[in-house]
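So you know, we letter chains A, B, ... as the sequences are listed, proteins then strands, and number each from 1.
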Protein chains: 2
Amino acid sequence: MNQFHILEKRFPGRRAALKRDILEQALYCFIELGVEATTIEAIKARCETSVGAIYHHFGNKEGILSALFFAAQDDQRQHLDRELANTKSLHEAVYSVIGSYLDWVVANPEWARFLYQARSAVAKGPFQEELKDRNAKGFRELKAKLLGFGNESNSIVQPFEIVISLIVGPSENYCKAWLAGRVQTSPRDYREEFAESAWRSLQR
Amino acid sequence: MNQFHILEKRFPGRRAALKRDILEQALYCFIELGVEATTIEAIKARCETSVGAIYHHFGNKEGILSALFFAAQDDQRQHLDRELANTKSLHEAVYSVIGSYLDWVVANPEWARFLYQARSAVAKGPFQEELKDRNAKGFRELKAKLLGFGNESNSIVQPFEIVISLIVGPSENYCKAWLAGRVQTSPRDYREEFAESAWRSLQR
DNA sequence: TTCTGTAAAAGAAGATTATTCTGTTTTTGC
DNA sequence: GCAAAAACAGAATAATCTTCTTTTACAGAA
């Protein structure tokens, strides 16, 4: 299982072979050269196709970027949903959110790096509405889950607006630093610390 | 005092008038159109100069971006240093770091938005070394300050690698959401919550 | 199988935009 | 006042995204 199983799940079959290949090579370029510096020419060269084929499948550079971005985001969210499904308490849920986030980043560092890099571009481009809808949906579901643990939710003594920031803010910040090489220790090694700290930060 | 006092402080005097003007108009364009979509032509048009003048002063688009980025980062850091200077305990210091961060973002929302947007571009471009040096220096100084409160530093029971993430992660996350319009309440209104939560998250 | 319409693919041409280069004007230091 | 350096202007160049036209492959019907 290579790092591209995410694409095979999303664009299956023989017909989509070139489509997948373009996405693979594009991701490689985006990671290697950066989103900005990657040219259509470079992608074309890597998968030995033509500009015509690329534009036929994706319309423009933004189209490639968005396809990759949404594929990665979906995979990350599926991972979260699986972890979250079995949780029976708020405490467990908070641990799941943080644990699944750290796990996913460590398991897919290239994809994670790409997600951080590409977000702002997608947020401005032609798929900004789709991004907003997805984020809103994700936020709604997570909120429902966290507030759905009955009286125990009294543990959350913070305004809900800031709860997500309190939970994932530190993990996100540390993962970015790790992916950028500013710190060496794997985020997974601090799983307990981040989860415990987040839990404490919610109390009053 | 308009939003450009930051530039007047950094590029003072009559000689730098055009330089400042180019930076002002460029910042306007970056904010309005996005960093990617801003063309040299657009900047040129807004300050009624020539491409020659722009390239004479900044070398390339990246040069404009970096000059703006470092100006903003310096101002933010100066603000932090002022707040931090008078602190007499670790508890006060943590409150200062968070308070000054939230204050600065709310006082300079356009600059803050720009800082978030431009960081990745600067981190890849020709000024990546300068960025690294600045970040390393800032991190070193902050670390020294936080660990310099004698025995009381025992309050920090976390590995120091993750301490900065624990302190500023949630605030940063929330400020981004606020600048993107995903939440309405001003970060300043949650000053106490973020500071208290961060403090609690450090204990064990 | 042969025909036909649709999708896939190729690559040349067009349009946009960053950058360079050359020349001119202005300012500075002596 | 004069030489040297900096500031400025704009045409020319080069890189790169996107569109357009043409050719090829393929799936389903007659």
Q) Is A:Arg46 positioned over the aromatic face of A:Tyr28, cation under 6.0 angstrom from the ring centre and no more than 45 degrees off axis? A)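 Positive - A:Arg46 is close enough to the ring of A:Tyr28 and near enough to its axis.
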Q | Charged tip of A:Arg134 within 45° of A:Phe70 ring normal and under 6.0 Å | A |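 Yes, cation above the ring, under 6.0 Å and within 45°.
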Looking only at heavy atoms, what is the nearest atom pair of [X] and [Y], with distance?
X        : Y        : result
A:Glu83  : A:Ser96  : O-OG, 3.5 Å
B:Thr49  : B:Ala53  : OG1-CB, 3.3 Å
A:Val106 : A:Arg188 : CG2-CG, 3.5 Å

Q: Return the orientation label for the A:Phe114 and A:Phe30 ring planes: parallel under 30°, perpendicular over 60°, tilted otherwise.
A: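 Aromatic pair A:Phe114/A:Phe30 classed parallel.
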**Q.** Whether A:Tyr190 and A:Phe194 hold their rings parallel, tilted or perpendicular, with breakpoints at 30° and 60°
**A.**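 Rings of A:Tyr190 and A:Phe194: perpendicular, over 60°.
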Q | Contact list for DNA chain D against residues 32-46 of chain A - heavy-atom distance below 4.0 Å | A |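 A:Thr38, A:Thr39, A:Ile40 - these, ordered by number, are the residues of the stretch whose heavy atoms sit under 4.0 Å from the strand.
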Q: Starting from the 5' end of DNA chain D, give me the residue, B:Arg15 or B:Gly52, whose nearest nucleotide shows up first.
A: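 With B:Arg15 and B:Gly52 compared, the 5'-side residue is B:Arg15.
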If you measure from the Lys or Arg side-chain nitrogens to the Asp or Glu carboxylate oxygens, is any gap between [X] and [Y] under 4.0 Å?
X        : Y        : answer
B:Arg191 : B:Asp103 : yes
B:Lys145 : B:Glu141 : no
A:Glu129 : A:Lys132 : yes

Q. DNA chain C: A:Leu18 or B:Glu62, which has the more 5' nearest nucleotide?
A.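 It is A:Leu18, whose closest nucleotide lies nearer the 5' terminus.
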Q. Chain B on DNA chain D: first and last contacting nucleotide, 5' to 3', under 4.0 Å to a heavy atom?
A.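 So the outermost contacting nucleotides come out as D:dA6 to D:dA11.
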(Q) Using a 4.0 Å cut-off to any heavy atom of chain B, which nucleotides of DNA chain C are the first and last in contact, reading 5' to 3'? (A)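 Under 4.0 Å from chain B, the extent on DNA chain C is C:dT17 to C:dT28.
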